[in-house]
Amino acid sequence: LNLNREPVFGAFTRNIFVPSKGKAMIASDLSQIEPRVAAYLAGEQDFLNLCSQGISPYIAHGAKTGRIPDPVAFNKARKVNGSFEAQLYASLKVEILAGQFGGGAGTALREAEKNKILLAVDEAQQLITNFRTARAGVVRRWAHMWGEFTTRYSMGMDPIEIPIASGRVLRYCQVHRRESKKPGYRPDWYAKTSYAAKMAEKIYGSVVFQNETQALARDVLMDMRRRI
């Protein structure tokens, strides 16, 4: 189950589940799984090698962008509140959360606010530029997944189904295009994730990659739970 941490209609839904007599419930999660899965899909083995040594994906990203020459020493220093390393770690976290799924400066500003970091617009844009320059594998994966989507659309598939590494498929129904709200831009793409969905969502390459990453991350988590 993936239940909300916050109240829903005034009730904490996590509290309604209790184990039967003599049984216990186990809460499990995988730390920072999405950046790891994104790197796997992008073929970034150097990034994954650092993560396999117990290094946070945010520190691995800093090392990949040349801002952290010694990840092990940095990992120790960033735990000191207020240190330069702690501030850089927070900035790297925002950079990944905003950048890995195609966000722009606006997304970076929102993520910075969530993480209590003050950013100017030009600084937010620089974070996005840093990400896209250093993580070319991720950017290529956006293009690859968009190619998978548009190729199936051109073949007349409805729904569009794109297989992922875990064996299941991403499904997009009633795909269509609408005139862009931005003058001079090409029509935007929209799709539903099921025929029963009320609203069609805007679709582009990094969104399909986000869907792929999140679906595979959930499958990895469920596989780990079954092993436990």
Locate the shortest heavy-atom distance separating [X] from [Y]; write the atom from each residue and the value.
X: A134; Y: T65; answer: CB-CG2, 3.1 Å
X: K192; Y: A200; answer: CG-CA, 3.9 Å
X: A108; Y: L119; answer: O-CD1, 4.2 Å

task: Could you check F131 against H61 for ring-ring contact (aromatic ring centres under 6.0 Å, His included), going step by step and ending with a plain yes or no?
output: CA-CA 9 Å; F131 184 92; H61 175 69; 5.4 Å; yes
Output side-chain donor-acceptor pairs under 3.5 Å for residues 161-170, partner residues at least two apart or in another chain, one line each.
residue : atom : partner : partner atom : Å
E161    : OE2  : R171    : NE           : 2.8
E161    : OE2  : R171    : NH2          : 2.8
S166    : OG   : D219    : OD2          : 2.4
R168    : NE   : D219    : OD1          : 3.1
R168    : NE   : D219    : OD2          : 2.9
R168    : NH2  : A215    : O            : 3.1
R168    : NH2  : D219    : OD1          : 3.1

- prompt: What residues, two or more places apart in sequence or in another chain, satisfy side chain to side chain donor-acceptor pair (under 3.5 Å) together with T151?
  reply: none
Check against ring-ring contact (aromatic ring centres under 6.0 Å, His included), Y153 and W189: CA-CA 11 Å; Y153 177 80; W189 295 76; 4.8 Å; yes
query: Can you find a heavy atom in the side chain of E201 that is under 4.5 Å from one in the side chain of T193?
result: no
Given 3.5 Å as the limit, does a donor-acceptor pair link the side chain of [X] with the main chain of [Y], or not?
X: W146; Y: F209; result: no
X: R132; Y: G102; result: yes
X: D188; Y: R178; result: no

query: Where do I96 and Q32 land on the side chain to side chain contact (heavy atoms under 4.5 Å, CB included) test, with the steps shown first?
result: CA-CA 11 Å; I96 281 190; Q32 302 158 338; over 6 Å; no
query: Between D122 and Q126, do the side chains contain an N or O donor and an N or O acceptor separated by less than 3.5 Å?
result: no
